[in-house]
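Quick note on labels: first sequence line is chain A, next is B, and so on, each numbered from 1. If you're wondering where the values come from, they're calculated on a predicted model, not measured in any experiment.
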Amino acid sequence: MQAAVIVFPGSNCDRDVAVTLEQVSGRKPHMVWHKETEIPKVDLIVLPGGFSYGDYLRCGAMAAHSPAMRETVARADKGVPVLGICNGFQILTEAKLLPGALLSNKTLTYICKDVTIRVETSQSLFTNAYEEGQTLRIPVAHHDGCYSIDEDGRRELEDQGQIAFRYCAPDGSVTPEANPNGSLSNIAGVFNRSKTVLGLMPHPERLADPLLGGVDGRALFESICGALV
Amino acid sequence: MQQEPAITDQVIADHGLSPDEFGLAVQILGRRPNLLELGIFSVMWSEHCSYKSSKKWLKTLPTEAPHVIQGPGENAGVIDIGDGLAAIFKIESHNHPSFIEPYQGAATGVGGILRDVFTMGARPIANLNALRFGSPDHPKTRHLVAGVVHGIGGYGNCVGVPTVAGEVNFHPAYNGNILVNAMTVGLAQQDKIFYARAAGVGNAVVYLGSKTGRDGIHGATMASAEFDEKSEEKRPTVQVGDPFVEKLLIEACLELMATDAIQSIQDMGAAGLTSSSFEMASKGGCGVELWLDQVPCRETGMTPYEMMLSESQERMLMILQPGREDVARRIFEKWDLDFAIIGKLTDSGRMVLKMHGETVGELPIDPLAQASPEYDRPWTPTPKLPLLAADAVPAVAPVEALKTLMASPDLCSRRWIWEQYDHMVMADTLQRPGGDAAVIRIHGTNRALAMTVDCTPRYVQADPFEGGKQAVAETWRNLTATGARPLAVTNNLNFGNPQRPHVMGQFVEAVQGLGAACRALDYPVISGNVSLYNETSGQAILPTPTIGGVGLLDDLDGHMTLALKATGDSLVLLGETRGHLGQSLYLRELHGREEGAPPPVDLAAERLVGNFVRGQIGDKKLNACHDLSDGGLVVALAEMALAGGLGATLEAPEPLPCPLHAWLFGEDQGRYLVATAAPEALLAAAQAAGVAAIQVGRAGGDTLTLPGGGTISLAELRQVHEAWLPGYMNGH
Amino acid sequence: MKARVHVHLKNGVLDVQGVAIKHALGTLGFDGVGDVRAGKLIELTLDESDPAKARASVEAMCKKLLVNDVIESYAIDLVA
Amino acid sequence: MKARVHVHLKNGVLDVQGVAIKHALGTLGFDGVGDVRAGKLIELTLDESDPAKARASVEAMCKKLLVNDVIESYAIDLVA
Ligand SMILES: Nc1ncnc2c1ncn2[C@@H]1O[C@H](COP(=O)(O)OP(=O)(O)O)[C@@H](O)[C@H]1O
Ligand SMILES: [Mg+2]
């Protein structure tokens with residue numbers, strides 16, 4: 001599986017995700033600068049976490065217009081899988097590759113801690129190595145992770161099985177207390193219609209190494225590799 | 001061109017120059033300076049840049065060791081950590097700006113120290129911060145805590161450097177004068193370290209980064225601004241940080257440093273263009289000519305004076321190798337960074353400032369730098385306080401005392417703070433905030449750096465010499481508790497007005513104390529920063545020599561944590577317990593008294609116990625380890641239990657060396673509490689090594705049971721420990 | 001000429017900041033405060049001097065970058 | 001009645017957002033854009049119906065909470 005990681009000015013998890021991708025796939029991802037209009041032929045495009053353009057104006061708004069994103073949208077339309085983590089998720093919504101928007105956390109503060117999320121479906125190339133209903137411990141680190149979408153949009157996500165992960169209690173129950181940022185229906189990650197694009201606020205690449213205290217995030221990358229060999 | 005004001009005594013005073021200093025300036029120039037030159041003298045000879053009150057004493061600090069590559073005198077200190085790698089670190093204060101505008105003050109403090117470190121070729125890998133606020137019930141405190149924490153996170157999170165450790169104290173002495181000390185640790189290749197020593201007549205002087213505005217031009221210029229038309233725009237303004245530009249600067253500088261284009265480089269810190277250009281030229285023994293009309297400006301009509309004194313953030317100055325302008329240009333343009341060639345190096349030994357070809361100022365560099373004043377300020381020693389007898393302190397029921405301490409502002413959980421800091425970005429954080437020291441993997445290796453910041457101001461106030469020793473020893477202990485080998489320190493000396501002999505005395509004795517500890521522990525000082533005049537209306541802060549320590553772990557899976565892990569593990573207390581309650585938190589939090597001499601630090605014993613503990617960790621003989629500090633034995637055990645989610649029973653030895661409450665809560669130094677599955681072996685090894693050791697209980701259950709039978713559930717303990725800070729910040 | 005863009009969260013989109021401000025005002029003893037909405041104000045200086053043209057180009061900027069129509073609505077004021 | 005508070009950074013205070021927005025507009029091909037300033041817009045619904053009284057209390061809110069007078073300035077519009 002050969003991946004490309006788009007690097008925006010202000011991206012800061014590009015190295016972290018590259019390390020995990022290489023550990024899992026055995027291949028170094030191409031690091032593609034946002035000004036590139038061409039992206040090498042790859043099996044997966046990753047938009048990393050960070051603060052593209054300082055999160056100024058709206059998180060991800062300016063990055064969504066970069067040349068590399070125009071190419072990413074074109075590839076996504078052709079069915080090339082795209083994964084957006086944290087700021088990458090925000091960029092995907094700003095680029096309209098994913099529905100909804102990410103607003104400021106209900107706490108109005110930045111939140112960096114481990115949370116529990118529930119795998120809502122294993123029927124996707126991003127989650128096939130997980131069990132449906134499985135709970136994962138994964139860190140979040142964001143200021144604007146409150147997922148928001150209008151009622152029709154929410155119903156459509158539910159009906160189409162486009163909700164990938166939900167914040168939950170350790171026992172898997174989806175409760176308001178388990179919702180760190182106020183996201184609608186505890187939504188932590190969503191797919192596009194064809195489930196070839198995934199955006200999520202938690203950072204699976206940060207718990208994919210036992211030395212860092214956990215490996216629950218690793219299977220997400222293993223899912224992709226498994227599906228894309 | 002602004003009309004030139006007369007250099008009156010008032011203007012000179014406004015620039016903080018004494019009549020003698022002004023006389024010296026005239027002597028050096030051979031004429032009276034114009035306003036621009038006066039401004040330059042005033043910043044170059046300011047306490048901040050010249051260290052005129054502290055230099056004499058800083059020179060007494062030990063700064064050398066085989067592993068020290070660069071001691072004090074550069075932007076940051078550099079140590080050898082093996083495999084051709086170097087750790088580069090420094091701490092710096094941003095106290096006053098943070099009091100004026102807590103968010104921006106703290107944010108720009110972080111930005112400044114990051115630049116000091118990546119200027120030298122290091123990729124920053126961790127930030128730490130030491131914060132001191134006024135009393136929680138002071139009306140300003142909540143707002144200041146919120147702003148400072150938000151600012152540190154806002155900046156560090158955005159640049160993508162994890163904020164991994166720190167400390168926070170509350171004390172009325174900081175009501176009008178909070179302390180914000182920020183430390184950065186970076187990683188570099190030993191053969192790719194960059195210095196500020198300019199060389200190469202004719203080489204281009206390049207300005208990189210944000211445009212120059214009227215930010216933070218110090219108070220003195222307000223007066224001089226009046227000679228200009230008094231428009232709102234012309235007023236100096238608070239420095240605002242742009243972490244986004246900082247991130248671009250880090251990446252662009254590191255990318256350029258990987259080429260051979262840079263001859264020397266220097267961040268524009270305090271007194272921006274003036275001190276950076278002076279430092280570079282004087283270190284390199286050359287002259288410099290600056291074309292100020294080439295300086296990228298944010299505002300119209302900026303005068304040479306304003307350009308030279310502006311403290312606009314996120315700016316760098318570098319000297320390029322001849323013919324390398326294009327390499328540099330390509331990289332700066334890739335990162336969309338403003339840059340300009342604003343001058344050239346000369347052999348004149350003078351700084352010549354030109355505006356549209358016309359010379360607007362000219363100063364000799366070395367005389368000005370060398371002649372910078374150095375004072376031997378009168379000082380008086382701090383009177384020693386009597387030892388406070390343990391039985392002069394009433395005993396409180398142990399469990400009640402523990403609950404009160406664990407919920408007190410200085411001991412309660414800091415989770416509310418560190419959860420606002422991204423402490424995991426870069427994916428090398430092996431020990432997150434909450435332990436004795438943060439442990440950060442050296443990327444791509446099986447080794448790690450441990451780091452911590454510490455100071456116990458109430459001890460320093462009571463006895464600056466012992467307090468100075470203690471601050472150093474506590475960092476050494478914290479690093480040791482993770483299994484790391486302590487290598488070197490940086491220090492941030494925060495004191496009051498040095499022109500008051502007893503304050504100067506605190507400074508002198510504290511420096512002597514920390515020097516003594518660094519010597520005894522082979523733990524040299526490689527960088528630091530001094531912040532004086534921390535007082536409002538005559539009330540000085542507690543003397544606060546913050547120490548930042550860095551240590552090395554040669555084997556990752558050797559690193560130790562404080563969390564209790566296994567039911568049945570025996571608890572062993574290492575180090576001598578005498579039951580010292582003077583200046584303890586027990587005395588302050590339960591009896592409202594700040595009395596007596598602080599606990600003395602026996603440096604020989606410190607070293608002996610610490611080396612023993614590190615050896616045991618290395619030999620995998622321990623399952624948990626925590627050093628004893630504020631709150632003594634019981635608080636240490638409570639922290640270990642909470643971290644592991646595993647209870648314990650504490651048993652007092654017969655006979656007790658001191659009253660029970662003193663044994664439980666005394667703050668004797670040089671002690672560790674460890675958990676082990678093989679207590680006999682450990683006790684035997686300790687005895688062989690001449691280290692005091694006794695078994696004091698076992699791990700297990702979900703409660704903490706104290707001698708005398710008092711018991712508290714971990715759940716309740718956790719609740720009181722976690723509740724205070726969020727509760728306080730939410731206004732109840 | 002100058003243009004001012006007022007950006008509001010659409011009705012129905014939870015305005016956490018507005019809620020927080022309202023709450024804070026309450027605790028500070030300001031009562032009689034009903035709804036509080038927090039929005040953005042973006043001021044642009046334009047070379048364009050023809051109002052119609054200026055408005056058109058600011059409209060375009062809003063659609064393309066300044067506003068996210070999923071959650072935000074906007075209003076443009078031109079100030080000569 | 002309703003009040004609108006426009007919060008601006010004081011002149012001379014670096015507006016990091018404004019700089020970034022201006023840059024982004026440039027790369028999107030919107031030229032002829034000079035200065036860009038990003039500010040806040042806070043809309044309050046007040047029970048108070050007397051304009052003078054309303055303005056006075058909003059002034060107080062600005063001083064106490066809404067505005068950081070170290071770096072920000074503000075203007076109040078009342079809308080009946
Ligand atoms: N307390 C101290 N102990 C040791 N070195 C110090 C101390 N204070 C300042 N220094 C050194 O003096 C030099 C100048 O300090 P500073 O002005 O803070 O650096 P910068 O201008 O890069 O911020 C630095 O090399 C710093 O490490
Ligand atoms: Mg410096």
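- Listed for the B/R298 side chain is a donor-acceptor partner under 3.5 Å among the backbone atoms of D/G12.
- Applying a 4.5 Å heavy-atom cutoff, the residues of residues 21-53 of chain D that approach chain B are D/H23.
- For B/H96, the NE2 atom counts as loosely surrounded, since its 6.0 Å shell holds 12 or fewer non-hydrogen atoms of other residues, nucleotides or ligands.
- By the side chain to side chain contact (heavy atoms under 4.5 Å, CB included) test, D/N68 is found to be paired with B/E101, D/V70, D/I71, D/E72, residues two or more places apart in sequence or in another chain being considered.
- In B/K334, the NZ atom is crowded: over 12 heavy atoms of neighbouring residues, nucleotides or ligands sit closer than 6.0 Å.
- The CG atom of D/L14 lies 11.0 Å from the OG1 atom of B/T212; values are rounded to the nearest 0.5 Å.
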